[in-house]
Amino acid sequence: MKFKDLLSGFVRLHILHHAAEHEIYGQWIIEELARHGYELSPGTLYPLLSAMEQRGYLKPRKQREGRTARKFYRATPLGKKGPALARLRVKEFTGEAIEERPSHPEVTCLHPDIDYRYRDPIRQLLAGAQPGGGVPDMPIDRRSLLAGGTLVPLVGLQSRIAPAFAQDDQKKADYTLRIATGLAELAPEHIVSTTLYNGQFPGPLLRLKEGQRTVVDVHNDTDVPELVHWHGQLIPSDVDGAAEEGTPFIPPHGMRRISFVPKPAGFRFYHTHVVAGGDLNRGTYTGQVGPVYIEPKNEPGAYDREVFLVLKEFAPSFSHGGDMAMDFLAGEEIGALKDLGRKSDDEAQEKTKGFEVGYDLFSINGKTLGHGEPVRVKQGERVLFHVLNGSAGEIRSLALPGHSFKIVALDGNPVPTPKDVPVLWLGTAERISAIVEMNHPGVWILGDLADDDRKRGMGIIVEYAGAKGKPQWARPKPYKWDYTQFGKPDALPAKPDETMEFTIVKRNGALNGFNQWTLNGEAFSMEMMKPTRKVREGRRYRLKFRNASDDIHPLHLHRHSFELVRVGGKPTAGVLKDVVMLAGFQEIEFDFVADNPGATLFHCHQQLHMDFGFMALFNYA
């Protein structure tokens, strides 16, 4: 008997145990199992529920919520017999599994068919003790759960078995992350309690080497399941950090060892990837953000030093939405998309605008403007700034009076045509690497163009050696942000094998006051894992998005980079990204090559949008 098969029975019995007492649904089951140490993804759970339904163990009931449906389950009479039968058979099982071996009289061990690594913790469990350290990570995969047609007749053990510990105890981890509630002192008068990595904000900078395998131990010291997404890396689905792709949760007070080969080189980052919904203490509303820099095999080194800046807001609250400023993006609105957006508003049952999230506190590297250490520079230095917008949903800008930014990379990828710009604009999760020549001595504010946000903390002081006085701010001249200027001049992208078109529509307040987001009329369902699109390995796909809303959407594709081919009506080529801003009532097109098999998530990187429908899944055929 394989140990995974044993755990599969535990999961089935756990589901039936609760379904016999009350109605249950998918996300509730995932979080309930995670509280007991099971790593289970939606992609594994929902086929299992379907199989249990088909075999007569569960009876479903659909309930509509707005324009989507949720499936609830109750145990059938047959399903209720499973746990009852298991209670009668558990003594028989333990009697066969546990035996005294003369060669090791001090050890009570299990049946020899069970892997030796698991004997000691299981012996403790059967004896009623909590498992000790050293239990290997045992994620439960879809194949194990669906392989058997009957229930393993065990109950009572499932609540304490299979915590997620290290998979390979022989190798020391390269890095350790601890997820826990902590305090972030933005300023002496503003200390916020939030979830952090290693008790700090931002999380520690992880410097990895391109192509050299790295091992990270992630401890979850909170009471809720967590995920760590390795944003911008081309890695397998099971470690990417998205439940929709099949990555297992890190259970409460558990640990998971993650191993992958970092690529591509450049500025990446890591962050939580759980659903927050209406909970502003979950997801990217917390302080779970940290920078990653993957050292290239060959570094040109055309700068004197690096400075990493992580932009982040704190103290979030809900309010009814207003209009988002969009005049900084190049391109013109499309009348047909405005008409489609108005049509959706007219048809909405809820006429009041849905909830949006606002913030009271703003910071760079966890400090409000004027607190923390300034960036100290010398005249003539070439400083490479790596800037990350770590927000849950805000668009950020940065300017440094008297200086310009020479952009050399977007989202960690070198641009074909570096350009000098007076202002940086970053959508949620975007990164910019830019060189600033320090040739204007003084004490300056590197800050956001929004006066209110800057005054409440979104800035940092840049101080030249020997300079004194009050930090100065001067607003730059208006500037349109245009991705196409960084592309290859007069170049054309390769022709795609297939084009997929998506129209984005907002349904005002459709989900208990929250806006619902749809792609081609369909909001993403965690229950059904839809909408999905099939792709084939090696083919080039062009994704065309038409935005029939007045919101800017930072579009993100997991586990792949994409090449911009048309932005705001202008063709381009050569700019590789993993997040791109799509302006309100505009279109955008980008290409990706299906070269990383496995489930691949696409979504708007605004937490409030992705949680309420703005997602899709690409599955490899």
Side-chain angles (χ1 to χ4, degrees), residues 232 267 309 311 313 323-334 337 364 385-391 393-401 403-436 446-451 453-454 458-459 474-489 504 545-547 549-556 561-590 604-606:
F267 187 23
L309 301 178
L311 318 184
E313 307 84 11
D323 293 326
M324 179 183 292
M326 296 186 293
D327 56 353
F328 67 91
L329 285 174
E332 300 296 329
E333 295 179 350
I334 298 172
L337 291 175
I364 294 182
F385 285 96
H386 296 294
V387 185
L388 160 65
N389 181 359
S391 176
E394 294 288 288
I395 293 167
R396 297 264 61 102
S397 58
L398 276 184
L400 180 61
H403 301 76
S404 62
F405 303 88
K406 185 172 187 175
I407 294 181
V408 295
L410 296 175
D411 293 346
N413 305 305
V415 296
T417 308
K419 287 283 187 178
D420 288 308
V421 299
V423 180
L424 304 181
W425 284 97
L426 302 98
T428 305
E430 283 192 294
R431 288 92 64 211
I432 294 178
S433 298
I435 294 174
V436 178
L446 173 62
D448 199 291
L449 270 61
D451 292 338
D453 295 355
R454 190 179 63 257
M458 190 54 75
R475 187 178 184 86
K477 295 179 180 179
Y479 174 75
K480 291 279 188 180
W481 183 255
D482 185 352
Y483 292 107
T484 66
Q485 66 182 311
F486 308 111
K488 296 177 182 176
I504 303 160
F545 292 91
R546 306 174 69 245
N547 184 8
S549 77
D550 57 356
D551 290 57
I552 295 174
H553 298 293
L555 307 180
H556 173 45
S561 296
F562 53 77
E563 180 183 3
L564 302 183
V565 299
R566 183 173 291 272
V567 183
K570 294 174 64 175
T572 189
V575 177
L576 297 178
K577 292 183 59 59
D578 54 65
V579 180
V580 64
M581 286 184 284
L582 169 57
F585 305 122
Q586 287 195 28
E587 295 178 343
I588 198 166
E589 297 177 40
F590 55 77
C604 175
H605 217 288
Q606 287 202 44

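- A distance of 9.0 Å separates CD1 of Ile552 from CG of Leu582, quoted to the nearest 0.5 Å.
- With a 4.5 Å cut-off on side-chain heavy atoms, Thr428 and His556 do not count as touching.
- Heavy-atom minimum distance, Ile407 versus Leu410: CG2-CD2, 3.8 Å.
- In this structure the side chain of Arg396 never reaches within 4.5 angstrom of the side chain of Glu430, judged on heavy atoms.
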Inset, instruction - Would you sort out whether Lys570 and Asp482 count as a side-chain contact (heavy atoms from CB on, under 4.5 Å), showing the intermediate values? - result: CA-CA 9 Å; Lys570 294 174 64 175; Asp482 185 352; 2.7 Å; yes

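- Atom CZ of residue Phe385 and atom CD1 of residue Ile432 lie 13.0 Å apart, to the nearest 0.5 angstrom.
- The CG atom of Leu337 sits 5.5 Å away from atom CD of Glu587, with the distance rounded to the nearest 0.5 Å.
- Using modelled atom types, one side-chain atom of Asp448 and one backbone atom of Ala450 make a donor-acceptor pair closer than 3.5 Å.
- Residues Phe562 and Val580 are in side-chain contact: their nearest non-hydrogen atoms beyond the backbone lie under 4.5 Å apart.
- Between atom CG of residue Asn389 and atom CG of residue Leu309 there is a gap of 12.0 Å, rounded to the nearest 0.5 Å.
- Between Ile364 and Met458, the shortest heavy-atom distance links the atoms CG1-SD, 3.8 Å.
- Between Val575 and Val567 the shortest side-chain heavy-atom distance does not fall below 4.5 Å.
- Qualifying salt bridge (Lys or Arg N to Asp or Glu O under 4.0 Å) partners for Lys488, counting only residues two or more places apart in sequence or in other chains: none.
- Applying the 6.0 Å contact sphere to NZ of Lys480 captures more than 12 heavy atoms from other residues, nucleotides or ligands.
- Rounding to the nearest 0.5 Å gives a distance of 7.5 Å between CD of Gln606 and CD of Glu394.
- At least one side-chain heavy atom of Phe405 sits less than 4.5 Å from a side-chain heavy atom of Leu400.
- Listed here is the closest heavy atom pair of Pro416 and Pro418: O-CD, 3.7 Å.
- When side chains are defined from C-beta on, Val423 does not count as touching Phe328, because their heavy atoms never get closer than 4.5 Å.
- In summary, the aromatic rings of Trp481 and Phe486 are positioned with their centroids under 6.0 Å apart.
- Between Arg475 and Leu449 there is a side-chain heavy-atom pair separated by less than 4.5 Å.
- Pro554 places none of its side-chain heavy atoms less than 4.5 Å from the side chain of Ile395.
- Taking OG of Ser404 as the reference point, atom CG of Leu424 lies at 10.0 Å (rounded to 0.5 Å).
- Using modelled atom types, no side-chain atom of Ser397 and backbone atom of Trp425 make a donor-acceptor pair closer than 3.5 Å.
- The salt bridge (Lys or Arg N to Asp or Glu O under 4.0 Å) check on Asp578 picks up Arg268, Arg431, with sequence neighbours excluded.
- Residue Ser433 comes nearest to His386 through the heavy atom pair OG-ND1, 2.8 Å, listed as atom of the first residue, atom of the second, then distance.
- Smallest separation of non-hydrogen atoms from Glu313 and Ser391: OE1-OG, 2.7 Å.
- Between Leu564 and Tyr483, the shortest heavy-atom contact is CD1-CB, 3.7 Å.
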Legend entry - side-chain contact (heavy atoms from CB on, under 4.5 Å) evaluation trace for Leu398 with Leu311: CA-CA 10 Å; Leu398 276 184; Leu311 318 184; 4.2 Å; yes

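- Looking only at distances, no side-chain donor or acceptor of Asp411 sits under 3.5 Å from a matching main-chain atom of Gly232.
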